[in-house]
Amino acid sequence: MARIGGRSLWLAWPAGLFCVAAVAAMVVLAVPGVPGAVAFVGDTLRAASAPVPADQGPPPTPAADCRHLYSQPLWSSLVWSPEALLSQRRTPPASTPEAAAAAAPTVVVTCHWRGEGGRSLETTVSTVAPEAVAAVTSTLASQGFACRTAADVQHCERSTADVTEVHDLLGDRWVSSTLVGWMPTDYAAVVASHAFFGR
């Protein structure tokens with residue numbers, strides 16, 4: 001076997017033995033932590049894949065600001081829209097004063113987006129008494145809204161020209177959205193899901 005010039009067996013053997021001893025020591029030190037690491041990884045994977053209960057009710061308090069009302073993809077698309085400007089305030093749904101009068105809602109937050117060319121989006125999240133849901137639904141239906149119930153959510157929608165109005169009610173939450181010439185994909189469904197379930 002050819003020797004490489006400048007290499008000494010007297011140094012190579014002790015260095016090699018030292019490396020093997022260091023690796024063996026690290027293995028010995030790591031062995032007690034293996035069961036804990038396996039349990040941690042298993043618990044993490046089980047928690048990530050656990051289904052969300054279908055009957056999970058609304059969170060204790062609704063989102064108090066606009067940022068928590070949108071998913072990350074929807075938020076990014078709105079923020080980067082041309083000339084987009086967000087105003088956060090506490091005003092009742094402007095499109096349905098009769099329904100607001102019937103429900104006497106407590107407004108949590110109103111998010112108003114103004115875009116280019118007069119386009120706009122406005123969503124109001126309010127809390128209402130559970131018995132007021134029927135009053136809101138009947139008032140909206142009398143104004144020409146198409147109302148239906150899906151998974152305990154009262155959903156009413158109406159479109160005229162380039163204006164779409166969507167109202168979703170669940171428990172003590174009322175989510176009212178008005179879209180004028182601006183229809184982001186699944187906008188009303190996303191904000192309702194975040195207002196009701198925080199996701």
Side-chain angles (χ1 to χ4, degrees), residues 52-72 74-75 78-79 81 84-115 118-199:
V52 177
D55 60 348
Q56 180 178 1
T61 55
D65 59 43
C66 293
R67 179 60 192 94
H68 293 96
L69 198 58
Y70 301 93
S71 64
Q72 182 58 48
L74 180 56
W75 176 262
L78 294 174
V79 168
S81 295
L85 179 64
L86 170 64
S87 301
Q88 180 172 299
R89 51 195 185 222
R90 284 193 170 91
T91 53
S95 65
T96 55
E98 297 85 359
T106 300
V107 177
V108 177
V109 67
T110 297
C111 306
H112 180 85
W113 293 87
R114 189 186 72 205
R119 301 185 312 158
S120 68
L121 303 169
E122 182 169 293
T123 296
T124 300
V125 179
S126 307
T127 57
V128 296
E131 58 271 14
V133 171
V136 172
T137 305
S138 62
T139 302
L140 293 173
S142 69
Q143 294 178 336
F145 283 82
C147 297
R148 59 183 170 82
T149 303
D152 295 329
V153 176
Q154 298 289 330
H155 177 85
C156 296
E157 187 170 338
R158 178 178 70 182
S159 294
T160 54
D162 63 345
V163 179
T164 298
E165 300 173 67
V166 180
H167 300 270
D168 291 297
L169 299 103
L170 175 65
D172 66 345
R173 305 289 158 77
W174 178 13
V175 183
S176 170
S177 297
T178 303
L179 301 86
V180 181
W182 195 354
M183 294 289 291
T185 304
D186 294 330
Y187 176 88
V190 170
V191 294
S193 177
H194 278 71
F196 295 149
F197 309 111
R199 62 180 188 281

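Nothing here was measured: the structure is a model prediction, and the numbers come from that model.
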Which pairs, with at least one residue in residues 131-196 and sequence neighbours excluded, count as a disulfide (SG to SG under 2.5 Å)? C147-C156
What pairs meet the disulfide (SG to SG under 2.5 Å) rule with one or both residues in residues 161-192, with sequence neighbours excluded? none
Side-chain heavy atoms of L86 within contact of W75, under 4.5 Å: yes
Value rounded to 0.5 Å, distance of [atom1] in [X] from [atom2] in [Y]:
X	Y	atom1	atom2	answer
Y187	L121	OH	CG	5.0 Å
L169	S176	CG	OG	9.0 Å
L78	C111	CG	SG	10.0 Å
H194	T123	NE2	OG1	12.5 Å

Sequence neighbours left out, what passes side-chain hydrogen bond (donor to acceptor under 3.5 Å, both in side chains) with [X]? Give chain and number order.
X	result
T149	Q154
S81	none
W113	Y70
S159	T164

Scan residues 123-150 for pairs that pass salt bridge (charged side-chain N to carboxylate O under 4.0 Å, His left out), counting only residues two or more places apart or in two chains. none
Salt bridge (charged side-chain N to carboxylate O under 4.0 Å, His left out) partners of residues 149-165, not counting sequence neighbours, each pair once: R158-E165
Those residues at least two apart in sequence (or on a different chain) that pass side-chain contact (heavy atoms from CB on, under 4.5 Å) with A188 are V166
Could you work out, with side-chain contact (heavy atoms from CB on, under 4.5 Å) as the rule, every residue matching S87, not counting sequence neighbours? R89, H112
Just to verify, what does R90 make a salt bridge (Lys or Arg N to Asp or Glu O under 4.0 Å) with, not counting sequence neighbours? none
Sorted by chain and number, sequence neighbours left out, salt bridge (Lys or Arg N to Asp or Glu O under 4.0 Å) with R114 holds for none
Contact summary for [X] and [Y], nearest pair of heavy atoms:
X	Y	answer
G171	V133	O-CG2, 3.7 Å
A99	V136	O-CG2, 4.0 Å
D65	V109	CA-CG2, 4.2 Å
T124	T110	OG1-OG1, 3.1 Å

According to the interplanar angle, ranging from 0 to 90°, do the rings of H167 and W174 count as parallel (below 30°), tilted (30 to 60°) or perpendicular (above 60°)? tilted
T139 side chain to A135 main-chain N or O, any donor-acceptor pair under 3.5 Å? yes
